[in-house]
Amino acid sequence: MSFDARVSRRICSRIIALASPLVPRWRRAEWREEWESEVWHESNRLAESGGLGGGGAVRLAVRCLGTFPHAAHLRAADWSSDMMMQDLRYALRTLLRKPVFALTTVLTLALGIGGNTAIFSIVNAVLLNPLPYPEPERLVWGNGVFSQNNAASVSPPDFVDYRAQNQVFEELAASTFGARSMTVTGGDSPEAVGVASVSANYLAALGLKPALGRSFTTEEEAAAQATVVMISYDLWQRRYGGDPGVLGQTIELDARPNTIVGVLPKGLRFPRGSEVWMPITLADQDFQMRAAHFLRLIGRLRPGVTIERAQADVDVIAQRLEAAYPNSNMTWRLGLLPLREQLVGNARPALLILLGAVGVVLLIACANVANLLLARASSRQGEIAVRAALGASRMRVLRQLVTEALLLSCLSALVGLVLAYLTLRGLPRFAPANLPRLEEIRLDLTVLGFTAALAVVVGLAFGLFPALQLSRAGVAERLRQAGRGREGGGARMRGVLVVTEVALSVVLLISSALLIRSFDRLRGEDPGFATDGAVVARILLPIGRYADPESRARRQEEVERGIASLRGVVAVGAINALPLVEFSGDTRVYAARRPPESNADWRYAQIREVTEGYFDAMSIPFVRGRGYNASDRGQPMRTVVINESLAREFFPGEDAVGQRLAIGFGPASGGTWIPPLEVIGVVRDVRQFTLGNPPGAEFYLLFSQSGNSAGMTVVARTSGNARRFVGPIREAVRSVDSEQPLARLEPLDAALDSTVSNPRFQSLLLSAFAGLALVLAALGVYGVLAYAVAQRAREIGIRMALGAGAGDVVRMVVARGLLLTGVGLGLGLLGALAATNFLENQLYEIGPRDRVAFATAPLVLATVALFASWLPARRAARLNPSLALREE
Amino acid sequence: MSPRQLGYATLAVLQALTDGARYGFDIVDRTGLPSGTVYPALASLERRSLVTSRWESDATARAEARPRRRYYRVTAEGARALREAARRFEELGLGGVAPMRHTGPARS
């Protein structure tokens, strides 16, 4: 044979040898012989015909690469579907034989997978899914930005100029911020609906078309009064049964007739909470003031325009406006950001933290199950050895064990899906009221895919280690070890898993302790008024029914008198916007003696309207001077009550009472001056927007004098349990006017509860996760020790026979538990130092390194771990030495 | 036979055997298909009893001072399956099943 033929043959042999492990072992010899033989014959033929040169040898080598698909094909055929079913049946039988083990495992994992599915579906709907509008990436949000605030509103004249002068928007549209409550009147069933005023091109900017009818016209937008409305799809279905004849019908809102010209697309609830759209009314006097900011903008960028370019474009317009109207526009800009960011940006950090936490819980659950499997693996040594002895290859055994793990994880995923479904169904009840896109949250295909992937990953994560461990040792070794009183090779792995569990639980416990403490601080914050024993009721005083301020004030007084006459009600008053719960507006103010020198020096203060009894009813004490009383009634507006912050800011170092305060925008901005008001009293500050924000300057006008608000919130201070007064107060209001709409009627503390629903949701969920983690970690410690005690019964028996007392045995076992816990605690503390940084922005008035949290959480875990170690230790101490020794 | 129909490559292998090919590399030559296609096709044909194989006797091989070869042969069932497939192909206007090309001389 030629030299060429030999070299060529050697290369081919190498290739065949490389592919051969893929071939099932029982066919390998035959397979190899066939290929070697074919190569021998072919290379011989080529050598004889002189074809080995000229690429023949290369072609032969390439042909030998066919060994790989061939080998893979044989392997795949070997793993036929029959075998898969066989594996599954066997796995199922194995699980059913140990139902407690199976149940524990499935429940543990189901909690982990279910939690992850639920949180992921929230994250998916809120953060990942694109906004439900065409080409949502082109949508931007516009805030007013000025020296003191970068999330203010925009004035209507500014909006009109931005819309006319920009070169970057396909559409730039405006709406009032949020929705205001109005009552559908004139029918059989009055109901409260959210109403927003929008520019004519609002729907077009979102890229949508009406489901029925038309949008507003530019003439309707330019009018002085709104006479047409669009209604939401839901309202159309609910109130009009989906009748297409609704177009042209009249709907009475706060006793004013409006013509329905269109129905909004199904599912659209934007601006947030709106069910009725009205056109903005640019000819109305309120819409003419450049200094009165109450619109928010949305824009659809022209194709290809970046948000940076758009920002540069509107900045140029802002500078032009500032030069033209320095009195109102000094330092004002229009700030653009992606609409998606505006809607969900605030929710992102909290949701990601929850997703991380629930992921950690799943990791712990996996570690726990891996531990259980490892423990069981040792007791299955004998079974595996027998299977191997009967001819099962290592691959076959591995497949069997992984099939079992996947069966467990898939069962758990199914149970987890049910848990997630139930959680999401209950979500609207405990989710924070301001969680964006709440209505879009559901178990969709993406979520199901996520859960399926999770099941596989989880199954491999906890199944592969024990399977590898178990399938490794040689047959003889395993047969020898089976049933022996020794811990086996998995002991170290189990220790590592428990340490990991403890460490991860510590991180979660510390994080949740931080959030709980922060939440406590927030709840403990003094709002500045007494929250117990008061009931609040929102009285709507629609301008359509009460045209003049006097009639509104009269009705308000009648209602208050009716409530005050109830037994047990000790004080009654009202305010146009309840602090922390409802929002009022702000306006420009200055001390009359010191007018601002330039437009940039203007300061703003919150403005609220109250009735005489308000400060008493809220238990807001006076620091100086007096409140409004009967002598102010019927007088023109000459006096004002201010808060401490305003006094400090505008009258520093002097007595504010008797000073004069100038309020308003002035004619230069399209408003009118009112004469400066005399300060008659200074009240203590109350928190205005959130419990976490310190109060700012604020002043209170007397409702019967200023009379602007179309609704007042009555506060009734009672001498007893506020909840019991809800019914009587409703009756009292009804007896004044049976048709008087009530938009809110609840105890004051219940109304305030919603203002902390966000941090509560977060700390509640994180605590639940941490609690779960703690239980799982404790189970882990317990499981490892209990197993070790059972395996080492013989050794313990010998020790006791040699004179070790029960105390020694307990010490030995507990020491092992504490060692594992201690190492885990140390690692967990290090991990927490890094992890809690992510929490920093979620914490109120405590740092991410808060000592109490860092001390308490490990203490809790150590206590639980001690208990978990003590149980198996006690069992070990009660061993009967002679029985333990005889059991072999 | 399983109800699953035979793919083109499998049919080509069957046809090559019918045409007189006897061992793996011969089929590769006759069909022009890559060896990574031909061998799996042979394996599945054998599993479905459309093809059988036998090793030539050690004595024959030793007498010729070469390793023994594995020979493949179409079974009666395989021949039927090939006829049936050819009929279907013709119905579809695709012509008969034939090796796609001959790259070398047919050897036995």
Side-chain angles (χ1 to χ4, degrees), chain A residues 1 5-6 8-9 12-13 15-16 18-20 22-24 26-49 51 54-83, chain B residues 2-4 6-7 9-10 12-13 16-17 21-58 60-73 101 103-108:
Chain A
M1 184 188 304
R6 243 176 316 177
S8 161
R9 210 173 288 160
C12 290
S13 277
I15 296 174
I16 294 168
L18 269 176
S20 75
L22 265 176
V23 182
W26 60 279
R27 325 185 58 151
R28 203 173 289 160
E30 193 188 46
W31 175 86
R32 204 163 170 164
E33 187 179 354
E34 180 177 4
W35 274 97
E36 298 274 12
S37 166
E38 293 295 308
V39 166
W40 189 95
H41 283 95
E42 183 71 3
S43 60
N44 248 20
R45 190 181 66 80
L46 286 172
E48 278 161 18
S49 63
V58 175
R59 268 201 301 280
L60 181 58
V62 168
R63 186 171 284 191
C64 285
L65 290 179
T67 49
F68 284 95
H70 189 199
H73 175 88
L74 295 177
R75 169 67 72 184
D78 201 37
W79 286 358
S80 63
S81 52
D82 285 359
M83 203 191 227
Chain B
S2 84
R4 215 184 73 197
L6 302 173
T10 316
V13 169
L17 287 169
R22 296 174 64 200
Y23 47 87
F25 275 28
D26 194 10
I27 301 169
V28 173
D29 285 335
R30 280 169 185 259
T31 58
L33 293 169
S35 59
T37 303
V38 168
Y39 276 94
L42 275 174
S44 54
L45 282 169
E46 196 171 5
R47 253 198 324 280
R48 299 157 87 179
S49 307
L50 302 184
V51 160
T52 59
S53 68
R54 65 173 180 84
W55 286 93
E56 68 179 329
S57 75
D58 251 353
T60 320
R62 221 175 296 132
E64 293 176 26
R66 59 178 179 83
R68 57 180 190 151
R69 280 194 114 144
R70 186 176 187 176
Y71 290 116
Y72 294 87
R73 177 173 69 74
R101 67 192 162 98
T103 52
R107 301 172 315 273
S108 56

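In what follows, chains are A, B, ... by sequence order, proteins preceding strands, each numbered from 1.
Between His73(A) and Ser44(B), some side-chain heavy-atom pair lies under the 4.5 Å cut-off.
Residues of residues 31-38 of chain A lying within less than 4.5 angstrom of chain B, judged on heavy atoms, are Glu33(A), Glu34(A), Trp35(A), Ser37(A), Glu38(A) in numerical order.
Taken to the nearest 0.5 Å, the NE2 atom of His41(A) stands 12.0 Å off from the CG atom of Asp26(B).
In this structure, the portions of Arg68(B) lying under 4.5 Å from any heavy atom of chain A include both its backbone and its side chain.
Applying the salt bridge (charged side-chain N to carboxylate O under 4.0 Å, His left out) test to residues at least two apart or on different chains, the pairs with a partner in residues 36-46 of chain B are Glu46(B)-Arg70(B).
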Could you go step by step and tell me if Arg63(A) and Asp29(B) meet the side-chain contact (heavy atoms from CB on, under 4.5 Å) rule? CA-CA 11 Å; Arg63(A) 186 171 284 191; Asp29(B) 285 335; 2.8 Å; yes
